[in-house]
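A short write-up of the structure that comes next.
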Amino acid sequence: MSYSILRVSKIKSSVNTVGVQKHVQRENIKYNNKDIDHDKTNENYDLIHGQEKQDYKKLIENRIAEGYKGKRKIRNDAIKHVDGIITSDQDFFKGMDQSKIENFFDDSLKFLEQEYGKQNIIYATVHLDESTPHMHFGVVPLTKDGRLSAKNVVGNKKSLTNLQDRFNDFVNEHGYDLERGESKLVTEKRHRDMDKFKDLTSYHQNLAEKAEKQLLEQEKKLDELADILQPKQVEFSYFEKKTEVAQKLFGKSEVIEKETGNVVLSKEQYKNISEQVNAAHSVIEHYKKLVNTDFYQENLRLQKELVKKHEEFARLTKDINPILTENDKLRKENAMLKDLVRNLQANIKILYQHIKQIFKEKFKDFREIIQTDLNKRKIENHFEEQYQKDIQNKKERDLEM
């Protein structure tokens, strides 16, 4: 039997939202995922927007502007985007025609609208260009009373477990015979090596994001300094003049005013000029630091580390693929064994009822013979187990009467 799978995760920054958008809408030029069949990418579609490309950040901001009713200003680090995926295994989709696949994802979208509210679903994109059809969906975590709260909308691990249970019940009520997918805790354990690799590479991503943030801060500061340093006419109050008395041999002395070449500044004018001088000094200091930083060598070092991580990723992938294949095989065998056990239990129950009718008074002797034989063979006595259940049910019926 196949499984229903629903996963959700919080997207913690607008940068990551852009990354999700590029993956979902196939906006990248190159992909590491070899399962993508680019000849089929044009078959992908969005249940909300069709084939038209969307700006996820804009969709999110528009929805918040429309639906947010909180009195406080939204924090800069607030979670505004929840991304999720809905799918099953390959066996479920095998032999299924296009219309049935579309019906499955249409019904899945109805479940999401029921859970999160129709207006809060910003995309629901079905991918048909990979080995297993699946749907990516995005949610703005607005509560019914208009608060932005991923904590309330998504909840904790128990809430997510309940969500998966509700989804499985929903799809089965709509005619799909599916078992509930494995707990995320189980799948996380299986992919521990892969997650370890992702943690290693995310370290470098964090470094890059931190460096980018510092660069933006420096650019902002330099812009402010450059604004102060923009060429402009320096204002002053007036030219300084010096009064001199010119003596004459005949007649009165003449008073003459001569400019000294100096200017007289007001306090405000002096303050403005001082700010420009300090800004210029700051720019020079920043320039010296940049000149002494060997970005080229640092970039080479990071590139070499990235190559090593790619090699480690390839090794981990090679190691984990046989494990995943074996696990899939065991899971299928386990499902078959469960069906077999259920059939055997049903057979034992029917067999028990018929034997009980046939032997009647000698049923006790028959039970003892079965018990003795099974004990010798060291086999668990399910026949006796069924007998004890029958006795217990009879006692309960007598008490009810």
Check: [Y] and [X] side chains under 4.5 Å, non-hydrogen atoms:
{"X": "Leu160", "Y": "Val154", "value": "yes"}
{"X": "Met135", "Y": "Thr125", "value": "no"}
{"X": "Leu330", "Y": "Asn334", "value": "no"}
{"X": "Leu112", "Y": "Ile86", "value": "yes"}
{"X": "Ile11", "Y": "Ile79", "value": "no"}
{"X": "Asp91", "Y": "Lys332", "value": "yes"}
{"X": "His127", "Y": "His23", "value": "yes"}
{"X": "Asp83", "Y": "Val8", "value": "no"}

side-chain contact (heavy atoms from CB on, under 4.5 Å) partner of Lys22, the single match among Val18, Val24, Val20: Val18

- request: Could you check Val153, Leu142, Thr143 and say which one makes a side-chain contact (heavy atoms from CB on, under 4.5 Å) with Leu148?
  value: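 Checked Val153, Leu142, Thr143 against Leu148; only one passes side-chain contact (heavy atoms from CB on, under 4.5 Å): Leu142.
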
message: Checking Val140 against Ile64 for the side chain to side chain contact (heavy atoms under 4.5 Å, CB included) test, could you report, in this order, the C-alpha distance in whole Å, the side-chain angles of both residues, the deciding distance, and whether it holds?
response: CA-CA 8 Å; Val140 177; Ile64 291 174; 3.9 Å; yes

- prompt: Stepwise, does the side chain to side chain contact (heavy atoms under 4.5 Å, CB included) test hold for Asp37 with Glu130?
  reply: CA-CA 6 Å; Asp37 184 349; Glu130 295 183 51; over 6 Å; no

task: Could you walk me through whether Arg63 and Glu66 pass salt bridge (Lys or Arg N to Asp or Glu O under 4.0 Å), step by step?
output: CA-CA 5 Å; Arg63 176 55 193 147; Glu66 174 187 273; 2.6 Å; yes

- request: Go through the steps to decide whether Ile121 and Leu109 satisfy the test side chain to side chain contact (heavy atoms under 4.5 Å, CB included), and finish with yes or no.
  value: CA-CA 9 Å; Ile121 311 297; Leu109 179 58; 4.1 Å; yes

Can you sort out the partners of [X] under salt bridge (charged side-chain N to carboxylate O under 4.0 Å, His left out), two or more places apart, ordered by chain and number?
{"X": "Asp107", "answer": "Lys110"}
{"X": "Glu61", "answer": "Lys80"}
{"X": "Lys12", "answer": "none"}

Backbone N/O of [Y] and side chain of [X]: donor-acceptor pair under 3.5 Å:
{"X": "Gln54", "Y": "His49", "result": "no"}
{"X": "Ser149", "Y": "Asn152", "result": "yes"}
{"X": "Asn375", "Y": "Gln371", "result": "yes"}
{"X": "Gln164", "Y": "Leu6", "result": "yes"}
{"X": "Asn327", "Y": "Ile323", "result": "no"}
{"X": "Asn172", "Y": "Asn168", "result": "yes"}

field: Qualifying salt bridge (Lys or Arg N to Asp or Glu O under 4.0 Å) pairs, either residue in residues 136-146, two or more places apart
entry: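 Applying salt bridge (Lys or Arg N to Asp or Glu O under 4.0 Å) to every pair that reaches into residues 136-146, excluding sequence neighbours, yields Asp145-Arg147.
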
- request: Check step by step if side chain to side chain contact (heavy atoms under 4.5 Å, CB included) holds for Ser88 and Leu178.
  value: CA-CA 9 Å; Ser88 181; Leu178 293 171; 3.8 Å; yes

Atom of Ser4, atom of Arg180 and distance for their closest heavy-atom approach: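 In this case the closest contact between Ser4 and Arg180 is OG-CA, 3.8 Å.
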
task: First locate atom OG of Ser13, then atom CG of Asn76, and finally report the distance between them rounded to the nearest 0.5 Å.
output: 12.5 Å

query: How long is the gap from CZ on Phe137 to CD on Glu113, to the nearest 0.5 Å?
result: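 Those atoms lie 12.0 Å apart.
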
Applying side chain to side chain contact (heavy atoms under 4.5 Å, CB included), can you list everything that pairs with [X], at least two apart in sequence or on another chain?
{"X": "Ile85", "result": "Arg7, His134, His136"}
{"X": "Asn156", "result": "Lys158, Ser159"}
{"X": "Glu179", "result": "Met1, Tyr3"}
{"X": "Tyr45", "result": "Leu47, Gln51, Gln98, Glu102, Val126, Leu128"}

Name of the residue among Arg26, His38, Lys40 meeting side chain to side chain donor-acceptor pair (under 3.5 Å) with Asp129: Arg26

What residues form a ring pair (Phe, Tyr, Trp, His ring centres under 6.0 Å) with [X], not counting sequence neighbours?
{"X": "His174", "value": "Phe170"}
{"X": "Phe92", "value": "Phe104"}
{"X": "Phe167", "value": "Phe111"}

message: As a quick check of understanding, evaluate salt bridge (Lys or Arg N to Asp or Glu O under 4.0 Å) for Lys57 and Asp55, giving each step before the final call.
response: CA-CA 6 Å; Lys57 288 170 64 176; Asp55 183 338; over 6 Å; no

message: Going by ring-ring contact (aromatic ring centres under 6.0 Å, His included), name the pairs with one or both residues in residues 54-81, residues two or more places apart or in two chains.
response: Tyr56-Tyr123, His81-Tyr123

- prompt: Got a sec: does the CD of Glu52 have more than 12 other heavy atoms crowding it under 6.0 Å?
  reply: no

